[in-house]
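Inspection log for the structure reproduced underneath, given as structure tokens.
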Amino acid sequence: MKKQKSEETTEESRLLAGEITSSKVEVIASIILTLGYSLSTLATILALQEEEDDAQLLASNSQDQNQQFKQMYKQLQSVNSRLDSIEKKLNRY
């Protein structure tokens, strides 16, 4: 029993001492690489989302601008019609 406790203590102390083996380093490196790739992929996705949002905003602004131009065109036509009618009335006199 004492021998088993002694072995457990020795094993625990080795773990606590942090014996670094090549397999541990390999696992840690794999984890770090995986996290790096994941973060890189996430950054790419977010950048693409931002580009898409910008494109949608630009398209929306473009549509709004087209609406404004159409309204301005109608208003100018109305003003032009009034001016024409005023000109005709003036020509009568």
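Position 1 is the first residue of the sequence, and the numbers go up from there. These numbers were taken from a predicted model, which means no experiment stands behind them. Every heavy atom of this structure was used, including side-chain atoms; hydrogens, water molecules and symmetry mates were not.
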Could you list the donor-acceptor pairs under 3.5 angstrom formed by side chains in residues 82-92, with sequence neighbours left out?
{"from": "Ser85", "atom 1": "OG", "to": "Arg82", "atom 2": "O", "distance (Å)": "2.8"}
{"from": "Asn91", "atom 1": "ND2", "to": "Glu87", "atom 2": "O", "distance (Å)": "3.3"}

Throw together a table of side-chain donor-acceptor distances under 3.5 angstrom for residues 40-52, partners on residues two or more places apart or in other chains.
{"from": "Thr41", "atom 1": "OG1", "to": "Tyr37", "atom 2": "O", "distance (Å)": "2.8"}
{"from": "Thr44", "atom 1": "OG1", "to": "Ser40", "atom 2": "O", "distance (Å)": "2.9"}

With rounding to the nearest 0.5 angstrom, report the CG to CG distance, Asn61 to Asn66. 11.0 Å
Report the residues that fulfil side chain to side chain donor-acceptor pair (under 3.5 Å) with Gln77, sequence neighbours left out, ordered by chain and then residue number. Tyr73
Scan Leu33, Ile31, Ile32 and name whichever one has a side-chain contact (heavy atoms from CB on, under 4.5 Å) with Leu35. Ile31
